[in-house]
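A short worksheet on the structure shown next.
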Amino acid sequence: LAHYDVLTALPNRLLLNDRLEQAMIKAQRNHETVALLFLDLDRFKQINDTLGHSLGDQLLQVVAQRLLECVREQDTVSRQGGDEFITILPETDAAGAELVASKMLQVIAQPYLIEGHTLRISSSIGISIYPQHAHNIDTLIKHADVAMYQAKETGRNRCLMFRADMNTSTYERLTMETSLRAALERKQFQLHFQPQVSLVDGGIIGCEALIRWKHPELGMVAPADFIPLAEETGMIGPISDWVLNETLRQCRKWLEAGLPEIIVSVNLSALQFRQRNLFEQVRSMLSLHGVPSHMLMMELTESILMQGVEHTLATLHELIGLGVGLSIDDFGTGYSSLAYLKRFPIQMLKIDQTFVHDITTDPNDAAMVRTIILMAHSLNLQVMAEGVETEAEAEFLREAGCEWAQGYLFGQPMPAGAFTKLLKRRGEKKTW
Ligand code: C2E
Ligand code: MG
Ligand code: MG
């Protein structure tokens, strides 16, 4: 039973791997090729959702029977789960594989009579060949999968042979999207905290909460690699809720440990601003965790300010009324409009790290940073420099009148435990 799929009685993933390994060993010995066919039904979910799982199951059973009709005795048709079937064809080259695949497409497309319904479904197939396309099982399957996605992308109901130049991005995007959806549930997100210090005396005045995704296979995934996808797919909503909740939970812990109050910044996504009742949410979360509103600062990007100005302005005023601080992140990389600096109720500008990196070598960047600081001060805004990595940069900024800084020189983003230790030592000595 451990080797067979209960629904279709076909070999399962385990037995497939075993047979594939045997086929590859034999092929290597005899200088033969093995073909792998990755078949996925087109729009099967629709049938399942509209007609019910029992009907969907019966359909899968008939599909399994029909696939078996297309192959020889030494071939293996397996079910991977869902509506995915992998077939191994030993001693078969590309031409032979294409022949079998087109036969499969034909038989799958024949109408099905199930519980009085006449159903039609098509399928998409990707093919990979050992040893041409891959030398190990995982890559061989992955390449057939990539080809299958490409077949779907280019119209479905077709088979495609894997090519090295095939765009793997669709495939990677899809697998990334699936695992991102599961990440919250599986508790794979973490917050790191990066210290923010006063350039006058080096003391910690706050920190920025930065999200991390601990992916089981990819390791730590940087926010730049998944926030855009989260925004595109709408998952940024629940993720942002998690970030805010987790940040405030941590603030509560620091307060309970008797540590002095600091200002904790969180990043806001443009989508949060457009779709959600941000103000209500922030207000209720602050009171839920019993955190004073002046401990929270929200970092906005210039693009947030440029979209739907009236609505944005109203929300910003609500947040300010609550006592939450507002800053502009990555200043200098967007529109950098003077008009909105005057118009929006903001307390702080964060100068983007790209300017900071070159202040000691590039006179233009140095001039730009000096100007931003002067301008900010004349508008009664405070200034924080981002990405400060060297003592020379800190010295330049201090001299130019910048009051706050954040960067590797003072501390990298770190887990809550490490930051708590830093906070406890805060009274003892300067942080750098
Ligand atoms: P950001 O808000 O501008 O955050 C600062 C980024 O600069 C962080 O990257 C930080 O690790 C990095 N950094 C800090 N000091 C230095 C330094 O001295 N040198 C260099 N080279 N880099 C430094 P990270 O953590 O990879 O975050 C990247 C961006 O992802 C953030 O940029 C922010 O826009 C976004 N992000 C992070 N967490 C969240 C979140 O919870 N929600 C949303 N919506 N966006 C987030
Ligand atoms: Mg930020
Ligand atoms: Mg920034």
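Start at 1 and go down the list; that is how both ligands and their atoms are numbered.
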Protein N/O/S atoms closer than 2.8 Å to the Mg ion (ligand 2), ordered by chain and number, come to Glu208 OE2, Asn267 OD1, Glu299 OE1, Asp329 OD2
Would the number of heavy atoms belonging to other residues, nucleotides or ligands and lying under 6.0 Å from CZ of Arg252 be above 12?
-> yes
Are Glu391 and Arg398 close enough for a salt bridge, meaning some N to O gap below 4.0 Å?
-> yes
Member of Gln194, Lys350, His192 meeting the side chain to side chain donor-acceptor pair (under 3.5 Å) criterion with Glu208 = Lys350
Heavy atoms of other groups near Glu395 CD, more than 12 under 6.0 Å | yes
Would you please indicate yes or no on a ring centroid separation below 6.0 angstrom for Phe410 and Trp404?
-> no
Using a 4.5 Å cut-off on heavy atoms from C-beta on, say whether the side chain of Gln250 contacts that of Phe193.
-> yes
Are Tyr149 and Phe38 near enough that their ring centres are under 6.0 Å apart?
-> no
Starting from the N and O atoms of ligand 1, collect every protein N/O partner closer than 3.5 Å and put each pair on its own line with the distance to 0.1 Å.
| residue | atom | partner | partner atom | Å |
| --- | --- | --- | --- | --- |
| ligand 1 | 2 (O) | Glu208 | OE2 | 2.9 |
| ligand 1 | 2 (O) | Asn267 | OD1 | 2.8 |
| ligand 1 | 2 (O) | Asp329 | OD2 | 2.7 |
| ligand 1 | 3 (O) | Asp330 | OD1 | 3.0 |
| ligand 1 | 3 (O) | Glu386 | OE2 | 3.1 |
| ligand 1 | 7 (O) | Gln353 | NE2 | 2.9 |
| ligand 1 | 15 (N) | Gln194 | NE2 | 2.9 |
| ligand 1 | 18 (O) | Tyr408 | N | 2.8 |
| ligand 1 | 19 (N) | Glu389 | OE2 | 2.5 |
| ligand 1 | 21 (N) | Gln353 | OE1 | 3.4 |
| ligand 1 | 21 (N) | Glu389 | OE2 | 3.1 |
| ligand 1 | 22 (N) | Gln353 | OE1 | 3.4 |
| ligand 1 | 22 (N) | Tyr408 | OH | 3.3 |
| ligand 1 | 25 (O) | Arg212 | NH1 | 2.9 |
| ligand 1 | 25 (O) | Arg212 | NH2 | 2.8 |
| ligand 1 | 38 (N) | Ile211 | N | 3.1 |

CD (Glu280) with more than 12 external heavy atoms under 6.0 Å | yes
Has Arg156 got more than 12 heavy atoms of other residues, nucleotides or ligands less than 6.0 Å from its CZ?
-> yes
